[in-house]
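Starting from 1, each residue takes its place in the sequence as its number.
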Amino acid sequence: MKIKKAELEKVAVKKEQYPKEDTVELAFAGRSNVGKSSFINAMLGRKNLARTSSTPGKTRTINFYNVNDKLRLVDLPGYGYARVSKSEKEKWAGIINEYLETRENLLETILLVDIRHEPTELDKQMYDYIIHSGFSGIVIATKKDKIKKSQVNKHVDAIAKKLEMPSKDNIITFSSEKKDMVDEVWYIFNDMIEFHKIK
């Protein structure tokens, strides 16, 4: 996709603050510090549109990014950050669940995991939720540049095993630094959008 326009359209913590349901949305879920903001920046060809931070748990809101007035990329709050209170974690979970359970124009929810680490129980719960909600179950394994090429398949196998995925084909390895899979991921996203139009 040629990016002619990319902007932060809305920041929300509750349903009343969401933008209108007039544009299809792709949502991205993942642990704190998994690299969702960096992924979105890489996909949109921008350096600092999605705010990145070295401090996990920085994204505490749902951020809606308008792409060409035809699509929104939705950055959900990161989960699983240890250094916050139980009540704060529950608040974040509530923000995520309200969006996922009520958004009519949500096309896909995509899970991001860090390729270097085995997925956590929270990742497994999120993946199961995504599958049970009828989505494709695509997983983007970020930070591919942080491991040796010879180790990639071993780490992909570990992700597929932990998440109990029927096929490794749904795991896309990605490096926000090198941006080597941006075109391929856009190809997949465009297919989703076209399939939605046919339905």
Under 4.5 Å between any side-chain heavy atoms of [X] and [Y], yes or no?
{"X": "Lys162", "Y": "Tyr127", "answer": "no"}
{"X": "Glu108", "Y": "Ile138", "answer": "no"}
{"X": "Phe135", "Y": "Leu106", "answer": "yes"}
{"X": "Val185", "Y": "Phe39", "answer": "yes"}
{"X": "Ile131", "Y": "Asp128", "answer": "no"}
{"X": "Ile115", "Y": "Lys146", "answer": "no"}
{"X": "Leu112", "Y": "Ile110", "answer": "yes"}

Main-chain N/O of [Y] paired with [X] side-chain donor or acceptor, under 3.5 Å:
{"X": "Asp157", "Y": "Lys154", "value": "no"}
{"X": "Asn41", "Y": "Lys47", "value": "yes"}
{"X": "Lys36", "Y": "Leu76", "value": "yes"}
{"X": "Ser176", "Y": "Ala42", "value": "no"}
{"X": "Thr61", "Y": "Ala12", "value": "no"}
{"X": "Gln17", "Y": "Lys14", "value": "yes"}

Would you check, one step at a time, whether the test side chain to side chain contact (heavy atoms under 4.5 Å, CB included) holds for Ile3 with Arg46? CA-CA 10 Å; Ile3 310 298; Arg46 302 289 191 271; 4.0 Å; yes
Should Ile40 and Tyr187 be counted in the same cluster of Ile, Leu, Val, Met, Phe, Trp and Tyr side chains packed under 4.5 Å apart? no
Can you name the closest pair of heavy atoms from [X] and [Y] and give their distance?
{"X": "Ala158", "Y": "Pro119", "value": "O-CD, 4.4 Å"}
{"X": "Ala160", "Y": "Lys168", "value": "CB-CG, 3.7 Å"}
{"X": "Ile171", "Y": "Ala141", "value": "CG2-CB, 4.2 Å"}
{"X": "Asn68", "Y": "Lys4", "value": "OD1-N, 2.8 Å"}
{"X": "Val34", "Y": "Lys143", "value": "O-CE, 3.5 Å"}
{"X": "Ala29", "Y": "Tyr79", "value": "C-CE2, 4.4 Å"}

Check whether more than 12 heavy atoms from other residues, nucleotides or ligands sit under 6.0 Å from atom NZ of Lys124, and answer yes or no. yes
How long is the span from the [atom1] atom in [X] to the [atom2] atom in [Y], to the nearest 0.5 Å?
{"X": "Leu44", "Y": "Lys5", "atom1": "CG", "atom2": "NZ", "value": "13.0 Å"}
{"X": "Met126", "Y": "Leu163", "atom1": "CE", "atom2": "CG", "value": "12.0 Å"}
{"X": "Leu111", "Y": "Met165", "atom1": "CG", "atom2": "CE", "value": "8.5 Å"}
{"X": "Met43", "Y": "Leu49", "atom1": "CE", "atom2": "CG", "value": "13.5 Å"}
{"X": "Thr109", "Y": "Tyr129", "atom1": "OG1", "atom2": "OH", "value": "7.5 Å"}
{"X": "His117", "Y": "His155", "atom1": "NE2", "atom2": "NE2", "value": "9.5 Å"}

Quick test of your reading: applying salt bridge (charged side-chain N to carboxylate O under 4.0 Å, His left out), list the pairs with at least one residue in residues 171-188, sequence neighbours left out, ordered by first then second residue. Lys144-Asp180
Not counting sequence neighbours, which residues clear side chain to side chain contact (heavy atoms under 4.5 Å, CB included) with Arg72? List them please. Glu9, Pro19, Asp22, Thr23, Glu25, Phe64, Val74, Arg103, Asn105
Residue pair Asp191, Ile188: steps toward the side chain to side chain contact (heavy atoms under 4.5 Å, CB included) verdict: CA-CA 5 Å; Asp191 267 1; Ile188 292 165; 5.6 Å; no
Between Asp75 and Ser37, is a side-chain hydrogen bond (donor to acceptor under 3.5 Å, both in side chains) present by the stated rule, with each step listed? CA-CA 7 Å; Asp75 187 3; Ser37 298; 3.3 Å; yes
Any ion pair linking Arg31 and Asp114 (charged N to carboxylate O, less than 4.0 Å)? no
Parallel under 30°, tilted from 30 to 60°, perpendicular over 60°: which one fits the rings of Tyr99 and Tyr18? perpendicular
